[in-house]
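Notes follow once the structure below has been shown.
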Amino acid sequence: MNLTRREFLQVLAAAGAAGFTLPGARPARAARIPTDPYEVPPGGNVSLLHFTDCHGQLLPLYFREPHVNLGVGEMDGRPPHLVGEHLLKYYGIDHPSLHAHAYTHLDYTRMAETYGRVGGFAHLATLVKRMREQRPGALLLDGGDTWGGGSATGLWTRGQDMVDAQLRLGVDVMTGHWEYTFGADRVRQVVENDYAGRIDFVAQNVMDKDWGDRIFRPYVIREVNGVQVAVIGQSFPYTPIANPRHLVPQWSFGIRAGEMQETVRQARREGAEVVVLLSHNGMDVDIELARQVDGIDAILGGHTHDAVPAPLPVKTPSGGTCLVTNGGSNGKFLGVLDLDFRDGAIRGYQYRLLPVFSELIDPDREMAAYIREMRQQQVTFEGETFPMEERLGEELAVSEDLLYRRGNFNGTFDQLICDALMEQVDAEIAFSPGFRWGTTVLPGMPITFEHVMDHTALTYPAVTRNEMSGRRIRQILEDVADNLFNKDPFYQQGGDMVRVGGLRYSIDPTREMGERITDLELNGKPLDPDRNYVVAGWASVQEHPAGDTGRRIWDVVADYLRDHRNVAIRHLNQPRLRGVAGNPGLGEA
């Protein structure tokens, strides 16, 4: 059945008035979907609201979920490594439906045209207020990656646009990751001034690298309807590896499972009756951490951008249960966890991961006015002063194809970036980081400068051009593949596979380090391990990257688009996959 967006809204309104339910509304492992997708009666006396990885996105947007999210070893077939029909079957969700579109890539363009954009802080604010009206005392937890990593206004204002939005949204507690890419001084400035007395920034695993002292509070205890609730923070453990060390030179990170166990015990000794971990580990790491640490009742997780409809119950070392969740990204979801705490223990729970469909939620007037006024301001960045809205609205080209990033390997917007690098920098091969952020552009839409910044805006944007041997190129691919597909989740260092232009290769994610990458070829010829090739790249974590061209990645991509005006991705440079036939983390594009 094909519906226009207007028809969909009319059908939704009529169905609600008649008492019908949305497609897919049946008892399921992901919980029943009511007539009104935002009618969620409270189910306990301790309520936690959670969003994560919004990456500076204040306006409604399109964001396609991945069609490749492979799990290896015991992670094969386990959430979050389910895509498309496999995810819907696991959670009992019908397709087509509102929730099927929210959680999967299936029939993405048609569903996006029907259901409209998602997210937007003005719409999220309305939903948060509605949940809080039903749940007095509910805490709003922000899992980090909020200030930026894919936001022009976040970059240009050094995160201030998002800090002010968080304060208006009513965030209670947060932890961090991309926040640290603004530098240690900037993070301290915000935490000690803007957040003072309003938002608790917690991170038990961030310490001074020389003295071992914690940089931030490890946890905070808040009373919720008479129940003492501890929220422990866990920042991304590999920040100085995945991001530039020189931005946080005195800070040490890490998973620190031993310290986490002691932190939980300390919180319990201080009177915490419920202990929640606000995590930016990624879901696989959180599952393993729950297995190793006693006393955590729930983990509200982020970093890997996985939209997981229901918590995964994990057995702790003493035989207890820890509920592990992951809350999606880009302001697209609001997690709602209700705990029934009675007689000294959690007796039950309910959880909803609510997709924020901007067509179905009226924007909050105060938040909408703030966003509008903020974007209309002038800003000075790198010595140039300009009006943000005007710069962001420049139409660079028109896309003939669906442009997206999210997935283990090249997306079509990644391909666009790689093509731009090779042409603009005159390189044979291009490497682009496997970032998980970046909004989606529908076919026929203008590609604006804002779209480019959504995929490239970060504090270390230098474009490089270097010569590398075929042997070194293979080594780089092996290193990144091990970060992504290591069977021990504690060795997974975040991100997806590096995106590649020009070069073809095969990958077997199930193999061990040094054995995953084979069949490398360029222009139909095998890559010579002893020959040097010209390679373009960007986002080097080095303070002074070798081969710096003096250009920034957003300028390279924007110039490429201005030259071409119409963009069609004729060939998506996906690697040849080995050893993963039948893996439920692999779907059709």
Side-chain angles (χ1 to χ4, degrees), residues 44-50 52 78-80 139 141-144 172-176 200-206 214 216-224 227-237 253-304 306 308 310-327 335-342 344-351 353 489-490:
N45 54 348
V46 174
S47 294
L48 304 170
L49 312 179
H50 173 241
T52 188
R78 184 188 75 187
L139 298 178
L141 310 182
D142 179 341
D172 292 297
V173 188
M174 78 168 296
T175 193
D200 288 308
F201 192 97
V202 291
Q204 75 87 26
N205 62 325
V206 184
R214 282 198 169 99
F216 307 103
R217 297 174 65 180
Y219 62 89
V220 62
I221 296 179
R222 296 284 193 98
E223 181 180 317
V224 181
V227 180
Q228 300 297 315
V229 179
V231 180
I232 301 172
Q234 177 85 347
S235 288
F236 179 50
F253 292 73
I255 296 172
R256 305 191 192 279
E259 289 88 340
M260 177 69 75
Q261 182 64 81
E262 181 51 38
T263 300
V264 173
R265 293 190 182 116
Q266 181 181 345
R268 293 285 186 183
R269 287 194 296 267
E270 287 189 26
E273 298 169 287
V274 172
V275 175
V276 175
L277 177 61
L278 179 60
S279 168
H280 207 90
N281 282 329
M283 191 164 180
D284 288 331
V285 178
D286 284 335
I287 291 169
E288 183 60 29
L289 192 65
R291 289 172 169 173
Q292 296 189 22
V293 177
D294 270 319
I296 302 175
D297 295 304
I299 299 178
L300 299 176
H303 178 62
T304 40
D306 299 306
V308 180
L312 185 70
V314 177
K315 287 295 181 185
T316 65
S318 64
T321 299
C322 177
L323 303 173
V324 179
T325 74
N326 204 275
V336 183
L337 175 63
D338 294 328
L339 302 173
D340 181 12
F341 183 86
R342 290 179 287 114
I346 295 174
R347 305 298 176 181
Y349 74 91
Q350 70 173 20
Y351 179 79
L353 185 62
F490 277 14

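Being a predicted model, the structure only gives us computed values, none of them experimental. For this chain, numbers begin at 1 and follow the sequence in order. FYI, side chains are in, hydrogens and waters are out, and symmetry mates aren't considered; it's all heavy atoms of this structure.
- Residue L300 holds its CG atom at 4.5 Å from OG1 of T325, rounded to the nearest 0.5 Å.
- For the atom pair F201 CZ and L278 CG, the distance stands at 9.5 Å (nearest 0.5 Å).
- Q234 places a side-chain N or O within 3.5 Å of a backbone atom of I255 that can act as its donor or acceptor partner.
- Two residues are said to be in side-chain contact when any heavy atoms from C-beta on lie closer than 4.5 Å; V206 and S235 meet this criterion.
- The shortest distance between side-chain heavy atoms of L48 and H50 does not fall below 4.5 Å.
- Closest non-hydrogen pair, I299 versus A290, comes out as CD1-CB, 4.1 Å.
- Remark: side-chain polar atoms of R268 are paired, donor with acceptor, to backbone N or O of G295 under 3.5 angstrom.
- With a 4.5 Å cut-off on side-chain heavy atoms, D284 and T304 do not count as touching.
- The CG atom of D297 sits 10.5 Å away from atom CD of E273, with the distance rounded to the nearest 0.5 Å.
- A heavy-atom distance below 4.5 Å is found between the side chains of D200 and R222.
- Using a 4.0 Å cut-off between charged nitrogen and carboxylate oxygen, R265 and D294 do not count as a salt-bridge pair.
- Residues N281 and P237 approach most closely at OD1-CG, 3.1 Å, considering heavy atoms.
- Classification of R269 and E262 as a salt-bridged pair holds, one side-chain N sitting under 4.0 Å from a carboxylate O.
- In this structure, N205 and M260 have side chains that are not in contact, with every pair of non-hydrogen atoms separated by 4.5 Å or more.
- Listed here is the closest heavy atom pair of A257 and L289: CB-CD1, 3.8 Å.
- Side-chain contact between Y349 and P311 is present, with at least one heavy-atom pair separated by less than 4.5 Å.
- Between F236 and H303, the ring planes lie parallel to each other; the angle is under 30°, not in the 30° to 60° tilted range.
- None of V173, D172, T175 except one satisfies the side chain to side chain contact (heavy atoms under 4.5 Å, CB included) rule with V231; the exception is V173.
- The only option from V276, D338, L337, V229 that meets the side chain to side chain contact (heavy atoms under 4.5 Å, CB included) definition with V46 turns out to be V229.
- Summarising the geometry of D286 relative to G301, their closest heavy-atom pair is OD2-CA, 3.7 Å, with the distance given to 0.1 Å.
- Proximity of a side-chain donor or acceptor of D306 to a complementary backbone N or O of N326 within less than 3.5 Å is not detected.
- Between the side chain of R214 and the backbone N or O of Q204, at least one donor-acceptor pair lies under 3.5 Å.
- Taking CG of L339 as the start and CG of N45 as the end, the distance is 8.0 Å to the nearest 0.5 Å.
- Among all heavy-atom pairs drawn from H280 and G143, the shortest one is ND1-O, 2.8 Å.
- Of all heavy-atom pairs spanning Y351 and V308, the tightest one is CE2-O, 4.1 Å.
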